[in-house]
*Asks:* 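One structure is given below, represented as structure tokens, and several questions about it will come after.
Chain letters run A, B, ... following the sequence lines, proteins first, then strands; residues in each count from 1. Predicted, not measured: the structure shown is a model, and the values here were computed from it.
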Number of protein chains: 2
Amino acid sequence: MPADQPNPAVAFAKHDHSDCAHRILDRAEKLSEARGVRLTPVRRRTLEILLESHRAMGAYEVLERLAQDGFGHQPPVAYRALDFLVEHGLAHRIRRLNAFAACMAPGQTHNPVFFICRACQSVAESSTPELRDRIDAAADAIGFEVERANVEALGLCPACADREE
Amino acid sequence: MPADQPNPAVAFAKHDHSDCAHRILDRAEKLSEARGVRLTPVRRRTLEILLESHRAMGAYEVLERLAQDGFGHQPPVAYRALDFLVEHGLAHRIRRLNAFAACMAPGQTHNPVFFICRACQSVAESSTPELRDRIDAAADAIGFEVERANVEALGLCPACADREE
DNA sequence: TCATGTATGTTATATCGTAACAAGTCAAGG
DNA sequence: CCTTGACTTGTTACGATATAACATACATGA
Ligand SMILES: [Zn+2]
Ligand SMILES: [Zn+2]
Ligand SMILES: [Zn+2]
Ligand SMILES: [Zn+2]
């Protein structure tokens, strides 16, 4: 596993998270540069906000933070920035929560599985190509062409599982 | 494959769909009876509406149909019936579409994967236990306890893929 | 400089979902 | 038969999520 491939377990463990955040922001800058797209102030700030924790955040929660920082106060401000991040693989949409989370492995082709703790709302992203292979196999069997696949697992993170019992 | 285990490919193919619908309605009646829950008129009608096609339907679309049939006109009427069906495994929630689809294999323990055609909105449900095993394995690796997993693949069904080119 | 594409911001509205309460149904026990 | 309690259906009202449409600003290169 390369150095910049984070261990998904870290999302549920105590760790120097500002380190995660800085590493990923740097990577986001470089990726945007390389692709010729602009990581503008709102977009960058939006990513920073998502990176403040391993939780998923709703668009309105992000918006509130952006507004405090002097950006616009209306929903499209947040949705546009979030859509940009999602489109460029810098964030993911967590559909079960109607929320967004920073991607923890931007730039790497990954078929993410999201593990969502129903108690503390933290989200871990694990990269599992074999899973995608299985989905493609099932799709082939019925002649379906998969363009994107989304896997979300709901349950309890280690800490919250301990706490329940 | 047992006779009552439908081929997921059928969702995307021409077939006698009223046959699907009747078979599943019968099964739903029996399952409800066996579990001591009541498949009341609204609930049954809601399932019938979902079963009219292999598409997913939004709650408000279902509500409109229920209202035409003399049931209540307010959102909770539809949401309650749909929640009942989902809770008892007679329907599934398709999160990517904010919509609901009848379960095509009610009563069987299944770890469904949904194949959603982005062109014609039809949904096929495929049952793939190995997939769940993969998810559980990835979860184990980080100490996460999976309670429910949701897999949704977006793409093109065979017919729509042909039509695109 | 000026045309062009892109980004940001606003108003307004669409779409999806739920809380809270009232009224009706139904079966079990007195 | 009548009460009681669990459940079901219906309503009003509201909350939460998301987008359309348009105006303004800003970059970038002819
Ligand atoms: Zn971290
Ligand atoms: Zn947790
Ligand atoms: Zn059918
Ligand atoms: Zn199709």
*Asks:* Return the value, rounded to whole Å, for the distance between atom CG of L39(B) and atom P of dT8(D).
*Replies:* 11 Å
*Asks:* Assuming nearest nucleotide by heavy-atom distance, tell me which of R43(B) and G72(B) is located more 5' along DNA chain D.
*Replies:* R43(B)
*Asks:* Would you tabulate the pairs of protein nitrogen or oxygen atoms and nucleotide nitrogen or oxygen atoms of nucleotides 24-27 of chain C closer than 3.5 angstrom?
*Replies:*
none

*Asks:* To the closest 0.5 Å, what do you measure between CZ (R80(B)) and OG1 (T40(B))?
*Replies:* 11.0 Å
*Asks:* Please give, in whole Å, the distance from dA25(D) P to F71(A) CZ?
*Replies:* 18 Å
*Asks:* Rounded to whole angstroms, how far apart are CG on D69(B) and C1' on dT9(D)?
*Replies:* 16 Å
*Asks:* Please lay out, stage by stage, how H92(A) and F100(A) fare under the test ring pair (Phe, Tyr, Trp, His ring centres under 6.0 Å).
*Replies:* CA-CA 6 Å; H92(A) 296 288; F100(A) 300 82; over 10 Å; no
*Asks:* Which atoms of nucleotides 28-30 of chain D (N or O only) lie under 3.5 Å from a protein N or O atom, and what are those distances?
*Replies:*
none

*Asks:* Atom pairs, N/O to N/O, protein against nucleotides 12-21 of chain C, distance under 3.5 Å?
*Replies:*
residue, atom, partner, partner atom, Å
dG17(C), OP1, R93(B), NH2, 2.9
dG17(C), OP2, Y79(B), OH, 3.0
dG17(C), O5', Y79(B), OH, 3.3
dG17(C), N7, Y60(B), OH, 2.6
dG17(C), O6, Y60(B), OH, 3.3

*Asks:* May I have the distance from L82(A) (atom CG) to dT17(D) (atom P), rounded to whole angstrom?
*Replies:* 13 Å
*Asks:* Decide side chain to side chain contact (heavy atoms under 4.5 Å, CB included) for E64(B) and H73(B); before the verdict, give the C-alpha distance in whole Å, the side-chain angles of both, and the deciding distance to 0.1 Å.
*Replies:* CA-CA 7 Å; E64(B) 205 171 299; H73(B) 291 237; over 6 Å; no
*Asks:* Looking at CZ of F144(B) and OG of S126(A), how far apart are the two atoms once the value is rounded to the nearest 0.5 Å?
*Replies:* 11.0 Å
*Asks:* When you look at H22(A) and H17(A), which way does the ring pair (Phe, Tyr, Trp, His ring centres under 6.0 Å) test go after all the steps?
*Replies:* CA-CA 9 Å; H22(A) 285 116; H17(A) 182 60; 9.7 Å; no
*Asks:* Can you measure H73(A) atom NE2 to dT10(C) atom P for me and round it to whole angstrom units?
*Replies:* 7 Å
*Asks:* State, with a plain yes or no, whether a side-chain heavy atom of V151(A) is found less than 4.5 Å away from one of N150(B).
*Replies:* no
*Asks:* Can you measure L63(B) atom CG to dT9(D) atom P for me and round it to whole angstrom units?
*Replies:* 14 Å
*Asks:* S18(A) and D16(A): side chain to side chain contact (heavy atoms under 4.5 Å, CB included), yes or no, with the steps?
*Replies:* CA-CA 6 Å; S18(A) 74; D16(A) 179 358; 3.0 Å; yes
